[in-house]
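First comes the structure, then the notes that go with it.
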Amino acid sequence: MRFLSTRDANRTAGLAAAVAQGLAPDGGLYVPEFLPRIDAAALASARDLPQLAERLIAPFAAGDVAADWLAAITADAFDFPVPVVEVDGAGGPLSVLELFHGPTAAFKDFGARFLAATLERVPRADPRRVTILVATSGDTGGAVAAAFHRRPWVDVVVLYPRGLVSPRQEKQLACWGGNVRTLSVAGTFDDCQRMVKDAFVDPELARALQLSSANSINVGRLLPQMVYYAKASLELARADGRAPNFIIPTGNLGNALACIWAREAGLPIGEIVLASNANLTVPDYLRDGAWSPRPSVATLASAMDVGNPSNMERLRWLFPDLATLRGKVSAHAVDDDAIRATIRRDHRELGQTWCPHTATAAHVYRRLDAARRRERWVVVATAHPAKFNDVVEPLIGEVVPVPSALAALLELPSVQVEVPPRLEVLRSILMGKE
Ligand SMILES: *Cc1c(COP(=O)(O)O)cnc(C)c1O
């Protein structure tokens, strides 16, 4: 299996190289040259999640060095559960796919842990220590820091916008120490991202360090996200005799793209519905056919505040024809008022507590009519509500119990360095001059 750049089909790499590079050299995103036909029976008979992951990802690693390490990689990465929980009283068969049982209580743990496990094992061309730079709007930085913490071959530098992440997200970004440094940037997420991009093309840094990125355009974050769609769809299709539909909270489109890839690979997945917040780039595109990226707007579902979703390039590469794309996915916008109302109502009526991101998907479910609710639907829960207790608790009037992994992190002291949004400052920190 080769991975091609979305911008030039002649630029190819095997899985290990595509993961190590992140972005293709021409600035395109790596995509698999084709979606292999998955042997659903072999997946369904897997003894556990790591083995299911190994069987699902194996065709993508075929012929590459990564294939030799895949069993070890998936055993390392998929070490927490992915429950599919039935919800009663919704007016039809409804399940929640809980993606928040990893170390930092959001689905970003799947991609980050797979990436770390892969980079750790697959031989590198450059023997020097690796420095991972990651700009985060909240969840990615914590997941990446957790996944790479204490691995002896790597340093991690996390940049986040001060004051623009939830208090518990901030704790999770700053609690690590050791090989993880956390920079609190006086600026926006866009500033953080720009500093990281500038660092990658800075000649002095390129000479001195082996920089690598862990951001969501890395194909090593997408493949592991197919795994939970495989697990959930096989389980539910076996129980119901028909393919379940998924509603996915969407920002940069990484999570949804993994679901689309899983369905194209032959897994029993019905409709795929994207739930957006007030950032309307994707719903507007599907409606009008004009691709118009724009600055992001701040919402309660802040991890979905993306105005220029980079994975759209992969989606349009796969389905260049708009009519075809419209047949593959639909997208619905959910504003902050609807997020608040859904968190309140579903807590009261269904006994479910959603994070603000998951609430966008739950709201889209609420808009389905009675006929459509007779089908099996799955709301994809992307983060634990306790991570966003500052939003959720006042709405439901209760304290949200904190999962033990998250509680342990919240106990640790915070260490972060406050920096202005300037490359020179990042450069001196990276060069060890500050
Ligand atoms: C990152 C994130 C999203 C958006 O996922 P994409 O892959 O960017 O579409 C949704 N919810 C939570 C909690 C997230 O952290």
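As a basis for the values below, the full set of heavy atoms in this structure was taken, side chains included, without hydrogen atoms, waters or symmetry mates. Just follow the structure's listing: the first ligand is 1, and inside any ligand the first atom is 1. It should be emphasised that the depicted structure is a prediction, and the values quoted were computed from it without experimental measurement.
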### Message
Students should be able to answer this: which protein heavy-atom is nearest to atom 9 (O) of ligand 1, and at what distance?
### Response
Gly251 N, 2.7 Å
#### Entry: Atoms of ligand 1 close to Met304 [distance to a heavy atom under 4.0 angstrom, numbered from 1]
3 (C), 4 (C), 10 (C)
### Query
If you measure from CD1 on Ile396 to CD1 on Ile343, what distance do you get to the nearest 0.5 Å?
8.5 Å
#### Entry: Taking atom 8 (O) of ligand 1 as the reference point, the nearest protein heavy atom with its distance
Asn252 N, 2.8 Å
### Query
How long is the span from the OG1 atom in Thr281 to the CG atom in Leu286, to the nearest 0.5 Å?
11.0 Å
### Task
Working to the nearest 0.5 Å, report the span between CZ of Phe148 and CG of Leu115.
4.5 Å
### Query
Any nitrogen or oxygen of Pro249, main chain or side chain, under 3.5 Å from a nitrogen or oxygen of ligand 1?
no
### Query
Tell me, which protein residue and heavy-atom name are nearest atom 11 (N) of ligand 1, and how many Å apart are they?
Thr382 OG1, 2.8 Å
### Query
Looking only at N/O atoms, are Ala383 and ligand 1 under 3.5 Å apart anywhere?
no
### Query
Of Lys108, Gln169, His357, which has the heavy atom at the shortest distance from atom 2 (C) of ligand 1?
Lys108
### N-O pairing of Arg372 and Asp369 below 4.0 Å
no
### Task
Using the ring of Tyr30 (Phe, Tyr or Trp, six-membered ring only), decide whether Arg11 places NZ or CZ under 6.0 Å from its centre and within 45 degrees of its axis.
no
### Summary
Quick note on ligand 1: atoms under 4.0 Å from a heavy atom of Gly254 include exactly 6 (P), 7 (O), 9 (O)
### Query
Is there a heavy atom of Phe107 sitting under 4.0 angstrom from any atom of ligand 1?
yes
### Task
For ligand 1, find out whether one of its N or O atoms is nearer than 3.5 Å to an N or O atom of Thr250.
no
### Query
Take atom CZ in Arg242; do more than 12 heavy atoms of anything else shown fall under 6.0 Å from it?
yes
### Arg263 with Glu271: basic N within carboxylate O range, under 4.0 Å
no
### Query
Quick one: do Glu313 and Arg7 make a salt bridge, cutoff under 4.0 Å?
yes
### Task
Answer yes or no: does an N/O atom from Asp139 fall short of 3.5 Å to an N/O atom of ligand 1?
yes
### Query
Do any nitrogen or oxygen atoms of Leu253 lie less than 3.5 angstrom from nitrogen or oxygen atoms of ligand 1?
yes
#### Entry: Ionic contact status for Asp109 with Lys387, cut-off 4.0 Å
no
### Task
Could you tell me which atoms of ligand 1, counted from 1 in the order shown, lie closer than 4.0 angstrom to a heavy atom of Asn255?
7 (O)
